[in-house]
Participant: 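Okay, here's the structure, questions in a sec.
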Amino acid sequence: MQKQILKVKGMHCAACASIIEKTLKKIAGVENVEVNYGNETTKISFDETKTSIAELSKKIERIGYSLIIPPSKNSSDGQQSQHKHDKMADLLDLKTKIYSVIPIAIFSIIMMTWDILAQYEIVPMMGEVSKTFVHHLFPILATYTLFVVGKPYLLGFYRFLRFGKANMDTLIGIGTTAAFLYSFVVTAFEGVLAQYINVEYMYYDVTIVVIAFISLGKYLEARSKIKTGDAIEKLLNLQAKTALVIRDGVEVEIAVDQVVHGDLIVIKPGMKIPVDGVITEGTSFVDESMVTGEPMPIKKSAEDKIVAGTINTTGTFVFKATKVGSETLLAQIIKMVEEAQGSKAPIQALADKISSVFVPIVLAIAFVTLAAWFAFGVGTIGFSRSLSYGLMSFVGILVIACPCALGLATPTAIIVGVGKGAKDGILIKDAATLEKLHKVDTVIVDKTGTITIGRPTLVDIENFSDMNDEEFISIIASLEKKSEHPIANAIVKYAEENKINFSEVSDFESMQGRGLKGRVGGREYFVGNTKLIRDLKIDFDFAAIEKFTLQGKTPVIVASSEKVLGFLMVADEIKTESKQAVADLHKLGIKVVMLTGDDEKTAKYIASLVGIDEVIAHVLPHDKLAKIKELQNGGAVVAMAGDGVNDAPALAQADVGIAMGTGTDVAIESAGITLLNGDISKLVKSIKLSKMTMLGIKQNLFWAFFYNIVGIPLAAGLFYPIFGWLLNPVFAGLAMAFSSVSVVSNSLRIKTKKL
Ligand code: ADP
Ligand code: MG
């Protein structure tokens, strides 16, 4: 089974997506297809033994589309640039057509307006000669417009007749052709028809103006749509083309895809980092802003990690390649953004459903309307007027009812939203996550590493054993050396800095959520929090540590199997942005809960400093999940921010899991949202981004629906018997063009808004 995201060529409307989907799904071997009109891609999984991309493409070619076949497996780059190239060519083609048709349309509008004004005697009637001239000119202009500029719509009409597949182009094609054919017949048989109908009414101008407006709308839409997807392009541009590697002792420049694991790569001032790796020698500041969103260049020296796509400032260094090609963080980011932009938000489901049945329904409405004009019109307003009003209604409905804006409403906003996030180091896994995030009313944060920096230091030593401080620390540090906890790092670091010796440890055991135990010099020791001591039922006056915990310090109590030997205190610094971020979350109406395995008093103190509403302390890792469930059962929509490594189950349980990476160390796949530099103010930004995007989508959907709901009855002439309103198809064309353009520009606005 193969799963691929492919670019699709030839999509003109939302209905196209459902046509392609249906056609591909019918092919043997195709498991699942999801077509996205927003970025013109299809996510397809198929059995490669039964079919191939080329074959799939062929199947949709006859109905006017094709798949862009990727040049090689691991590069979305080629597909991307080919697609872009095609898009630009299409755009240019549209542009030249626009240049020819707009003057024709303006001329038509002037003539139309003249006609109307002359009826009210505001301007003089046109002279006979001019009238005859215009009379003969219009058929020529309309023929050009319909058959040259309007070719895609004619093709849509043709495909409908031939394969029974109707998209938006079909509607426009039928509408404009109907107006043209009617007028053409009248022109050709004027003499004969004059006794039955008013041959003054001709609709060449409708054909011209509708096609002109719709083409203009399409052009503007296509131009803006290219802009919605430029985040991916910017990310792709971060990739270096070449790398300077040391091979056989000499520096050689090779293409970046030739770099292999373990290559030593030389980076000179101003150079782009080509792959991920670890510095082996040299020091420099590296600008990671484009990848992680971290604005300041970061100091990097031996053993520090660096990632592809970042830019060296002034130093020189050598690093060893650890991740190349599709393994690099940048490649993963690109893949994730691409997938997220192509995914569908649940809110889109309704719009999709509507657009897929829209075209046949609208066709039916148009025909029913035409019939109704005859049924009710002939007796009241006469045959000639019934025919001409019926025709206008028919064309007007077909033109105004296009579900174009409806199809663009959600995907364009998602594409812009996801792209904007990526620029800020906020990686969103899919559209559904982005949608869910705006409903979140409770945010759960970890203390260590989220609210605090996560690098505690040893600040107090209380030793009441019979050992001296050095022996005391040595035992603890030896045990802690086996642990990964940040507290352990603090103690080990202290011991190393004070040149304290480490001893042999046996029977080491980590006691989840509480601390650890092990043997040093034949004796058993326990090191951990108050819970550990309570669980061991060792006598201890906990008041002794209160003085420290009330200051936000974390206790590390040391005991033998019989008694407490002393304790250490570690303290972690609060991140500078924590307080502001909590305040910002409050402003958004979100409750902040801190979940921690740490001591309750310690946690409460820290919470009070940053304004956190609720503290749940002494939680064991597996209890985190239960606590989240508890909040959810109470009706809360929960986002959980964690480090993404230990907290995976809790992140999965939360409605939205937010993994906080620290700079270059991130597990992207683990959560719905990944914040590239572990900073809680980014969390606030993510929620704002989600709210902004959802608001954009709702505005788009409202206008798209509104306009179709109001437009169709208006065009059908439903208001004619009451108010005498009848929509000229020309205005339908204008409205239609305007609606798509306004939806795309509304989505683009998200890009410029401040988070
Ligand atoms: P958290 O990530 O919130 O600290 P943990 O479950 O990792 O949650 O740890 C819970 C508590 O257990 C810590 O706050 C600490 O008091 C204690 N603890 C865990 N590991 C150690 C350790 N290696 N040394 C001392 N105390 C520890
Ligand atoms: Mg932890």
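For ligands, and for the atoms within them, numbers begin at 1 and follow the listed sequence.
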Participant: Any ring-ring contact (aromatic ring centres under 6.0 Å, His included) involving residues 514-559? Give me the pairs, sequence neighbours left out, ordered by first then second residue.
Facilitator: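 Matches after skipping sequence neighbours: F540-F542, F548-F567.
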Participant: Just to be sure I read this right, does ligand 1 sit under 4.0 Å from the backbone of E480, its side chain, both, or neither, counting only heavy atoms?
Facilitator: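 The answer is the side chain of E480.
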Participant: Can we say K553 and D460 salt-bridge, meaning some charged N sits less than 4.0 Å from an Asp/Glu carboxylate O?
Facilitator: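 Yes, charged N to carboxylate O under 4.0 Å.
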Participant: Could you tell me which atoms of ligand 1, counted from 1 in the order shown, lie closer than 4.0 angstrom to a heavy atom of S483?
Facilitator: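 Every atom of ligand 1 under 4.0 Å from some heavy atom of S483: 23 (N).
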Participant: Is R514 in contact with ligand 1, taking contact as a heavy-atom separation below 4.0 Å?
Facilitator: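 So R514 counts as touching ligand 1.
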Participant: Below 4.0 angstrom from a heavy atom of L516, which ligand 1 atoms are there? Numbered from 1 as shown, please.
Facilitator: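 Answer, ordered by atom number: 23 (N).
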Participant: Can you name the atoms of ligand 1, numbered from 1 with element, that are less than 4.0 Å from a heavy atom of D598?
Facilitator: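 Selected atoms, number and element: 14 (O).
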Participant: Taking D572 for its side chain and G454 for its backbone only, find out whether a donor-acceptor pair lies under 3.5 Å.
Facilitator: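 Yes, D572 side chain to G454 backbone: donor-acceptor pair under 3.5 Å.
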Participant: Going by the order shown, which atoms of ligand 1 are within less than 4.0 Å of some heavy atom of T596?
Facilitator: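 Ligand 1 atoms under the 4.0 Å threshold to T596: 3 (O).
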Participant: Salt bridge or not for E288 and K300, using N-O below 4.0 Å?
Facilitator: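 Salt bridge present between E288 and K300.
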Participant: Is there a polar contact between ligand 1 and N529, counting only N or O atoms under 3.5 Å apart?
Facilitator: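 Yes; at least one N/O pair falls below 3.5 Å.
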Participant: Return yes or no for this condition: an N or O of H485 is under 3.5 Å from an N or O of ligand 1.
Facilitator: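 H485 vs ligand 1: N/O contact under 3.5 Å present.
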Participant: For the side chain of N468 and the backbone of E471, is there at least one donor-acceptor N/O pair under 3.5 Å apart?
Facilitator: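 At least one qualifying donor-acceptor pair exists.
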Participant: Any donor-acceptor pair under 3.5 Å linking the side chain of S45 with the backbone of K3?
Facilitator: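 Side chain of S45 to backbone of K3: no pair is present.
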Participant: Before accepting this row, confirm whether a basic side-chain N of the pair D613/K591 lies closer than 4.0 Å to the acidic partner's carboxylate O.
Facilitator: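 K591 and D613: not salt-bridged.
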Participant: What atoms of ligand 1 come within less than 4.0 Å of a heavy atom belonging to G597?
Facilitator: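 Those qualifying, in numeric order: 1 (P), 3 (O), 8 (O), 10 (C), 11 (C), 13 (C), 14 (O).
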Participant: Test your reading of the structure: does G513 have an N or O sitting under 3.5 Å from an N or O of ligand 1?
Facilitator: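 N/O-N/O distance below 3.5 Å exists for this pair.
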